[in-house]
Amino acid sequence: MAERTKVVEVVPYDPVWKDQFQLIKDMIEGYIGELILGIEHVGSTSVEGLPAKPIIDLDVVVEDYSVLQAIVERLAKEGFEHQGNLGIEGREAFKRAFPDNFMKYHLYVCPKDGKGYLEHIAFRDYLRSNEAARREYGSLKDKLAE
């Protein structure tokens, strides 16, 4: 089961997040690249200029769950624990079983037509293209974190 966040830290956007995403993506692709369609940077750290919790969210996109068992097995060999869907249909969560050299990240496996993945991409792209919405959402995040 996932750990509950005790303190919510929202920090200003950091361009390092793009680099960290790429490093984590490269690592995951090395483990399961031929089983997947791609890896998307989602969540607030994927939106330039948006304050965020300093946690990279990655959606590993698959055609469908026919490859899930192979992914679970390969990631387990690399130190990832499969956590199930954590109550959210359309995504499977994985947690690193030991500290690594990356900043904190959340890893999800999602089918390409899954509701969770499609919502992540739609919201990310909306915030990337709409400066007013990005400012308003960032303001709300800061207030809620307080």
Stepwise side-chain contact (heavy atoms from CB on, under 4.5 Å) test for Ile28 and Phe80: CA-CA 11 Å; Ile28 299 301; Phe80 287 89; 3.8 Å; yes

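- Rounding to the nearest 0.5 angstrom, the gap separating the CG atom in Leu23 from the CG atom in Asn101 is 10.0 Å.
- The two atoms that bring Lys112 and Leu37 nearest to each other are CD-CD1, 3.8 Å, heavy atoms only.
- When every heavy atom of Lys53 is checked against every heavy atom of Val8, the shortest pair comes out as CD-CG1, 4.0 Å.
- A salt bridge links Arg135 to Glu131: one of the charged nitrogens lies within less than 4.0 Å of a carboxylate oxygen.
- Hydrophobic cluster membership differs between Ile39 and Val42, with clusters built from Ile, Leu, Val, Met, Phe, Trp and Tyr side chains linked at under 4.5 angstrom.
- The side-chain heavy atoms of Gln20 and Phe102, taken from C-beta on, include a pair separated by under 4.5 Å.
- Note: Phe123 and Tyr137 have perpendicular aromatic rings, judged against thresholds of 30 and 60 degrees for the angle between ring planes.
- Residue Asp57 comes nearest to Thr45 through the heavy atom pair N-OG1, 4.2 Å, listed as atom of the first residue, atom of the second, then distance.
- Looking at Lys77 and Glu73, their side chains never come closer than 4.5 Å, going by heavy atoms from C-beta outward.
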Leu75/Ile32 under side-chain contact (heavy atoms from CB on, under 4.5 Å): CA gap, chis, key distance, verdict: CA-CA 8 Å; Leu75 290 180; Ile32 59 173; 4.2 Å; yes

Chi angles and distances behind the salt bridge (charged side-chain N to carboxylate O under 4.0 Å, His left out) call for Glu48, Arg128: CA-CA 7 Å; Glu48 194 168 323; Arg128 283 180 174 176; over 6 Å; no

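- Put simply, the side chain of Met103 reaches to within 4.5 Å of the side chain of Trp17, judged on heavy atoms.
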Val60 vs Leu107, side-chain contact (heavy atoms from CB on, under 4.5 Å): CA-CA, chis, key distance, verdict: CA-CA 7 Å; Val60 174; Leu107 180 65; 3.5 Å; yes

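- Remark: Tyr126 OH is loosely packed, at most 12 non-hydrogen atoms of other residues, nucleotides or ligands lying under 6.0 Å away.
- The nearest pair of heavy atoms linking Ala70 to Leu35 is CB-CD1, 3.9 Å.
- Between Arg74 and Glu78 no salt bridge is recorded (no basic side-chain N to carboxylate O distance below 4.0 Å).
- Atom CD of Gln22 sits in a crowded spot, with more than 12 heavy atoms from other residues, nucleotides or ligands closer than 6.0 Å.
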Chi angles and distances behind the side-chain contact (heavy atoms from CB on, under 4.5 Å) call for Glu92, His82: CA-CA 7 Å; Glu92 295 291 317; His82 180 217; 2.6 Å; yes

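- The minimum heavy-atom distance linking Ser44 with Ala52 is given by the pair CB-CB, 3.4 Å.
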